[in-house]
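Following: one structure in structure tokens, then a few remarks.
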Amino acid sequence: MNYQIREYHLRDAEYYMKGISDNILDKLNDDEKGELKSVIYSAIPHSSPKLIDLRFTVNLLFRRYFFVLLVGKDHHRKSLRPRTEHIKHSNLFVRIVDKTMAVLLIATISVLANLFVLSIVYVVASTLGIKLLSRWIF
């Protein structure tokens, strides 16, 4: 199969149908092709919308790191989750804790991003000879 589209979210049923040889596609009628497209479409994973979807890459000299932060409802199959039958929580308690943790995570990332930007501004200003903190430091 010719993988010309690198981004998986851009691949659709037509993309995978092009991977089937023309000899096989010619043997199928239009209804069978439609059914095959339907099966391929249902097999392609579709992500649910997230409250926060933050994805970025950091390219270093010899490595490339991918960072992904997704905050939203988990729609994975229950068989993939660890077994926690011994922990009993009320739904209200779990929802409150989840929302609190999401807010704390967002606030932490925001503070770290702001500190990073301020430190870059301070270094640039110091390099240019501008003293930003001379009023507050004695």
Side-chain angles (χ1 to χ4, degrees):
M1 179 176 266
N2 187 6
Y3 290 103
Q4 294 178 354
I5 301 176
R6 300 194 80 173
E7 294 85 13
Y8 288 108
H9 67 279
L10 296 178
R11 297 179 184 182
D12 57 354
E14 284 294 328
Y15 172 81
Y16 291 106
M17 288 290 288
K18 290 178 185 174
I20 300 173
S21 68
D22 292 333
N23 295 339
I24 296 174
L25 286 177
D26 291 340
K27 295 177 186 177
L28 301 175
N29 62 29
D30 290 338
D31 291 336
E32 292 170 335
K33 288 179 186 177
E35 286 293 322
L36 185 58
K37 284 182 188 179
S38 174
V39 169
I40 292 172
Y41 179 78
S42 65
I44 297 173
H46 301 285
S47 63
S48 61
K50 303 289 185 239
L51 182 63
I52 296 174
D53 187 349
L54 178 66
R55 301 167 193 252
F56 61 94
T57 60
V58 176
N59 294 320
L60 299 177
L61 292 176
F62 301 108
R63 300 264 187 221
R64 186 176 190 184
Y65 293 96
F66 298 92
F67 293 92
V68 178
L69 172 67
L70 301 173
V71 177
K73 190 172 182 181
D74 185 15
H75 293 288
H76 286 92
R77 294 189 324 249
K78 293 188 187 282
S79 62
L80 296 178
R81 294 184 184 164
R83 302 207 178 251
T84 56
E85 288 89 18
H86 61 282
I87 302 173
K88 301 291 182 189
H89 295 295
S90 67
N91 286 338
L92 179 62
F93 176 73
V94 171
R95 282 187 277 151
I96 291 171
V97 169
D98 286 345
K99 290 185 192 264
T100 304
M101 292 307 292
V103 168
L104 287 174
L105 183 63
I106 293 167
T108 302
I109 291 172
S110 175
V111 167
L112 289 175
N114 287 328
L115 286 174
F116 179 73
V117 169
L118 288 175
S119 65
I120 295 295
V121 168
Y122 178 75
V123 168
V124 170
S126 296
T127 305
L128 295 174
I130 303 169
K131 295 182 179 181
L132 295 176
L133 299 178
S134 62
R135 295 182 191 165
W136 296 289
I137 299 176
F138 300 105

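With a 6.0 Å radius and a threshold of 12 heavy atoms from other residues, nucleotides or ligands, Glu35 has its CD atom at or below the threshold. Other residues, nucleotides and ligands place more than 12 heavy atoms under 6.0 Å from the CG atom of Asn59. Shown here is Phe66, whose CZ atom has more than 12 heavy atoms of other residues, nucleotides or ligands within 6.0 Å.
Ile109 and Phe56 fall within the same hydrophobic cluster, where Ile, Leu, Val, Met, Phe, Trp and Tyr residues are linked whenever their side-chain heavy atoms come under 4.5 Å apart, directly or through other members. Criterion: ILVMFWY side-chain heavy atoms under 4.5 Å apart, direct or through other members. Under it, Tyr122 and Ile130 are part of a common hydrophobic cluster. Following chains of ILVMFWY side-chain contacts shorter than 4.5 Å, one can reach Tyr15 starting from Ile24, so the two form part of one hydrophobic cluster.
Panel note: side chain Ser38, backbone Gly34; no donor-acceptor pair is recorded below 3.5 Å. Thr127 places a side-chain N or O within donor-acceptor distance of the main-chain N or O of Val123, the cut-off being under 3.5 Å.
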Side chain to side chain contact (heavy atoms under 4.5 Å, CB included) between Leu36 and Ile20, intermediate numbers included: CA-CA 11 Å; Leu36 185 58; Ile20 300 173; 3.6 Å; yes
Verify side chain to side chain contact (heavy atoms under 4.5 Å, CB included) between Ile44 and Tyr16, making sure each step is shown before the conclusion. CA-CA 10 Å; Ile44 297 173; Tyr16 291 106; 4.0 Å; yes
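With values rounded to the nearest 0.5 angstrom, Ser110 atom OG is found 11.0 Å from Leu105 atom CG. Atom CG of Leu25 is separated from atom CD of Glu32 by 11.0 Å, given to the nearest 0.5 angstrom.
In this structure, Leu28 and Lys33 approach most closely via the heavy-atom pair O-CE, 3.6 Å. Contact record, Lys37 with Met17: CG-CG, 3.7 Å, taken as the closest heavy-atom pair.
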